[in-house]
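First the structure, in the form of structure tokens, and then the observations on it.
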Amino acid sequence: HVVPDMLLGVNIVVLPLLDAVVLANQVATLSRLSGERFVLGVGVGGNEAEFERLGSDFANRGLRADEAIEVMRRLWREERADFKGQFHNLTDMAIYPRPRTGHPPLWIGGSSTAAIDRAARVGDAWAPALVDPQALGKGVARLRQGLSGRPMISVATAEFVHPSRPFDEAKADRVHVAGTPAERIATLDEYQEGGLEHLVCHFVASGMDEQLHHMRFFSTEVMPHFAE
């Protein structure tokens with residue numbers, strides 16, 4: 001059974017560590033298979049040791065990510081793409097199949113000012129993680145300033161959801177969606193007031209049965225409050 005408005009996506013891939021052409025091809029295929037409902041979340045990464053291990057320059061990761069986004073969008077949009085940049089050099093390059101809708105939505109991860117500015121320039125959404133409602137609101141304000149005439153893009157965040165931990169205790173560990181259903185609803189109201197449109201939930205659980213239980217509880221006790 002397919003839910004018509006359900007999206008499929010990744011949140012997020014560390015773009016500078018990946019081959020942009022291979023990723024563009026993989027994403028295009030997933031986009032076609034999912035009926036154009038695939039969302040690609042990308043970030044630049046923040047673990048310098050990870051970059052060293054893979055032989056990639058940590059210092060220029062932002063530039064590499066910006067160029068990779070341009071490369072992927074050309075491959076998705078053009079039958080044969082040419083590109084000459086600092087890190088990529090393509091001549092008459094093609095992927096198949098290409099997305100039917102031009103390009104899959106790009107959610108730009110990260111909560112730094114550079115990430116927010118990147119989302120404003122080239123993103124379809126800004127998607128930080130583990131930010132409280134106040135930080136999200138400040139980021140949205142900067143995002144609006146950086147759009148430079150572009151329409152407002154979507155705002156998402158990925159947060160841990162703890163089913164039973166007291167709210168004040170959980171908040172100290174950057175778990176912002178916790179406590180009683182009423183406390184969770186109040187927190188999500190704050191996020192929504194700050195501009196949030198999409199919430200990616202990471203339910204804290206010790207196994208699949210507990211995970212499913214918490215998901216069902218969240219869907220019945222919290223989500224109806226936000227149903228339109």
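For residues 113-126, the side-chain hydrogen bond (donor to acceptor under 3.5 Å, both in side chains) pairs, not counting sequence neighbours, are Asp66-Arg118, Asp66-Arg121, Arg73-Asp124, Asp117-Arg142. Residue pairs meeting the salt bridge (Lys or Arg N to Asp or Glu O under 4.0 Å) criterion with at least one member in residues 51-64, sequence neighbours excluded, do not occur. Screening residues 147-158 for side-chain hydrogen bond (donor to acceptor under 3.5 Å, both in side chains), with sequence neighbours left out, gives Thr157-Glu159.
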Review item, side-chain donor-acceptor pairs of residues 94-109, under 3.5 Å, at least two apart:
unit_1, atom_1, unit_2, atom_2, d
Arg98, NH1, Trp76, O, 3.4
Arg98, NH1, Arg77, O, 3.0
Thr101, OG1, Glu36, OE1, 3.4

Could you go through residues 38-50 and list every donor-acceptor pair under 3.5 Å that involves a side-chain atom there, pairing it with any protein atom two or more places apart or in another chain?
unit_1, atom_1, unit_2, atom_2, d
Asn47, OD1, Ala49, N, 3.1
Asn47, OD1, Glu50, N, 3.3

Would you mind writing out the side-chain donor-acceptor pairs for residues 14-29 within the sub-3.5 Å range, not counting sequence neighbours?
unit_1, atom_1, unit_2, atom_2, d
Asp19, OD1, Val21, N, 2.9
Asp19, OD1, Val22, N, 3.1
Thr29, OG1, Asn25, O, 3.0

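Nearest heavy atoms, Pro133 versus Glu190: CB-CB, 3.7 Å. Between Ala158 and Asn11, the shortest heavy-atom distance links the atoms CB-ND2, 3.3 Å.
Grouping the Ile, Leu, Val, Met, Phe, Trp and Tyr side chains by contacts below 4.5 angstrom, directly or via other members, places Val131 with Leu188. Leu196 and Ile153 fall within a single hydrophobic cluster, where Ile, Leu, Val, Met, Phe, Trp and Tyr are joined by side-chain heavy atoms under 4.5 Å apart, directly or via other members. Val10 and Val200 fall into different hydrophobic clusters, where Ile, Leu, Val, Met, Phe, Trp and Tyr residues are linked whenever their side-chain heavy atoms come under 4.5 Å apart, directly or through other members. Taken together through direct or relayed side-chain contacts under 4.5 Å among Ile, Leu, Val, Met, Phe, Trp and Tyr, Leu199 and Ile185 form part of one hydrophobic cluster. Under the 4.5 Å side-chain heavy-atom criterion for Ile, Leu, Val, Met, Phe, Trp and Tyr, Val71 and Val13 are members of the same hydrophobic cluster.
Distance CD/Glu183 to OG1/Thr187: 7.5 Å, rounded to 0.5 Å. From His213, atom NE2 reaches atom CG of Asp209 across 10.5 Å, with rounding to the nearest 0.5 Å. Separating the CD atom in Glu78 from the CG atom in Asp92 is a distance of 11.0 Å, to the nearest 0.5 Å. Here the straight-line distance linking atom SG of Cys201 with atom CE of Met223 works out to 8.0 Å at 0.5 Å rounding. Taken from CD in Gln134 to NZ in Lys138, the straight-line distance is 8.0 Å, to the nearest 0.5 Å. Distance check, rounded to the nearest 0.5 Å: NE2 of His214 to CD of Glu221 gives 13.5 Å.
Asp82 meets the side-chain hydrogen bond (donor to acceptor under 3.5 Å, both in side chains) test with no other residue; sequence neighbours excluded. In terms of the ring-ring contact (aromatic ring centres under 6.0 Å, His included) criterion, Tyr191 has no residue partners (sequence neighbours excluded). Applying the side chain to side chain contact (heavy atoms under 4.5 Å, CB included) test to Met152 and every residue at least two apart in sequence or in another chain returns Val140, Leu143, Arg144, Leu147, Val155. The side-chain hydrogen bond (donor to acceptor under 3.5 Å, both in side chains) search around His198 returns none, not counting sequence neighbours. Take Phe83 and apply the ring-ring contact (aromatic ring centres under 6.0 Å, His included) test, not counting sequence neighbours, and it matches no residue.
At a threshold of 4.5 Å between non-hydrogen side-chain atoms, the residues Phe217 and Val222 do not count as touching.
Its side chain within the 4.5 Å cluster rule, Leu63 clusters with Phe87 among the Ile, Leu, Val, Met, Phe, Trp and Tyr residues.
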